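Numbers for residues simply follow the sequence, beginning at 1. As the structure lists them, so they are numbered: ligands from 1, and atoms in each ligand from 1. Remember, it's a predicted structure, so these values are computed and weren't measured experimentally.
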Amino acid sequence: MGSVSPPSDIQVPPTHWSDGPLGWRDRLLASPRFRRWAQTFPLTRWVARRRAAGVFDLVAGFVYSQVLLACVQLRLFELLLAEGPQSGAALAARCQLPVMSMERLLRAAVALQLLERRPQDRYGLGPLGAPLARDEGLAAMVEHHTALYRDLAQPLHLLRCASAGAGADDGDGKSATPGRARVSGEAALDPERSGYAGNSRPPDFAGARRPEAPHEGLARYWPYAGTDRPEALAPVQLLAYSELMAASQPLVADQVLQAYSLQDHRRLLDVGGGTGAFACRAAQVAPHLQVQVFDLPGVAALARQRFEQAGLSARCSAEGGDFFQDPLPPGADLVTLLRVVHDHDDARILRLLRAVRQALVPGGTLLLAEPFADTPGAERMGDAYFGMYLLAMGRGEPRSEARLRELLADAGFINVRRLPTALPLQASALLARTPR
Ligand SMILES: C[S@@+](CC[C@H](N)C(=O)[O-])C[C@H]1O[C@@H](n2cnc3c(N)ncnc32)[C@H](O)[C@@H]1O
């Protein structure tokens, strides 16, 4: 391995009293001799093994993800839930894979606890596969990761391109994303090249597929993150992510609606509310509530369709526009921002929060929910997963509760408080009020 020599103009880094003991610990853990000793000494053996397994999981994590993807693409979990344990040969026939390949995949899935070996040489659901069997949202998330996977194949390329200014706001809301592929022109309007070709779900498990994620990574999947004129995006560019959001919306809605009662509100505005999946849930749990979605024009049109199909058009409506440029509909006593804030930089979010404050009635409530960075027990989801995900997307960052509180205060909100959710890994929430 080549040595890394620092550039000659490098600044002398600051020091701290903890550098000594922590440097000693680092050298110890980096020492093969110490690790060999720790692996055999009875009192340290279990720690050494656990740490080695943790390192291996990081080394091999991308393989695990692709085993999961193969299972999801084959609808293996749904099949085993619907029909019960089966032999490798039977599953191979159903999934149209060579028996040897199927056995290889099944054994990998057993090792990852996605599946379990069952008596008589059969395979059934494992403790980590069973929750995926009926969760359309999680399955859709897994499948759309093919786009992220492309971006992360060359992490240094991603980091270098992004460090040139991806997603940064120059103060007047314009961003530059040098080096990142962007959706533009005819390619974006071509369903095949944009990666979206409808989402009718084939009836048979074998070979069933959702629409493929685009071939050019997340920047293309989330086109609004790379343009200052998102309202001009063609409907076909909005479909893939809108379907993903609708499929995965229960992950957030369940958390929010368990944690917060809508009964005391009369008018809800769901800003960036997508195709109205949350709006429908809200209207169903609170039959007195008027609900409005504000989203890009093409997405708002899909929300109106959803409301009509659900027979909720009398109470649910949708307005199209750009929430950074256009005024939000006034008069709501509750505004929700679900999985919206982490998509954008601070300057844009501050502008959006101020617009929300203007739109709310005096004493109105803002409910902001998304996965937060620094969530105890879910740190990987924040800075590791969303940090890299949003970098690949081209805009936005995961924020800690403390940072969100600062932004809310800057925008003029008061009485900010945390709303405890059952599964912060899926969504944490903050409530804030406008002054009376
Ligand atoms: C990550 S999705 C979240 C959707 C929904 N709240 C949910 O949780 O399922 C972000 C939403 O914000 C919308 N959006 C992004 N930029 C926008 C803009 N400038 N104006 C209006 N809507 C925008 C997108 O169309 C998308 O529906």
**Study point:** Min heavy-atom dist F278 to ligand 1 below 4.0 Å
**Key:** no
Review point. Have R433 and T365 got a donor and an acceptor in their side chains that come within less than 3.5 Å?
Key: yes
Check your understanding: Is the closest heavy-atom distance from D322 to ligand 1 below 4.0 Å?
Key -> yes
Point to revise | Non-hydrogen side-chain atoms of Q86 and L79 separated by less than 4.5 Å | key: yes
Check your understanding: ligand 1 versus Y224, non-hydrogen atoms closer than 4.0 Å: side chain, backbone, both, neither?
Key -> side chain
Practice item. Indicate yes or no for a side-chain donor-acceptor contact from H288 to the backbone of Q263 under 3.5 Å, with no hydrogens or angles considered. Key: yes
Practice item. Ignoring hydrogens and angles, state whether a donor on the side chain of Y123 or R118 is under 3.5 Å from an acceptor on the partner side chain. Key: no
Check your understanding: Any idea which of L328, D295, V299 brings a heavy atom closest to atom 25 (O) of ligand 1?
Key -> D295
Practice item. Measure the distances from the heavy atoms of S242 to every atom of ligand 1 and state whether one is below 4.0 angstrom. Key: no
Review point. Does the ring center of H144 lie less than 6.0 Å from the ring center of Y389?
Key: yes
Exercise for review: Provide the number and element of each atom of ligand 1 under 4.0 Å from a heavy atom of L338.
Suggested key: 3 (C), 5 (C), 6 (N), 7 (C), 8 (O)
Check your understanding: If you measure every N/O of F323 against every N/O of ligand 1, is any gap under 3.5 Å?
Key -> yes
Revision key, fill the gap. Logged contact type for T275 with ligand 1, heavy-atom cut-off 4.0 Å, is neither
Check your understanding: Under 3.5 Å, is there a donor-acceptor pair between the side chain of R75 and the main chain of V72?
Key -> yes
Review point. When only distance counts, is H342 in polar contact with ligand 1, meaning an N/O pair under 3.5 Å?
Key: no
Practice item. Give the numbers and elements of all ligand 1 atoms closer than 4.0 Å to a heavy atom of F324. Key: 19 (N)
Study note, to complete from the structure: Within 4.0 Å of some non-hydrogen atom of P230, the atoms of ligand 1 are 19 (N)
**Study point:** pair F323-H344: side-chain heavy atoms closer than 4.5 Å
**Key:** yes
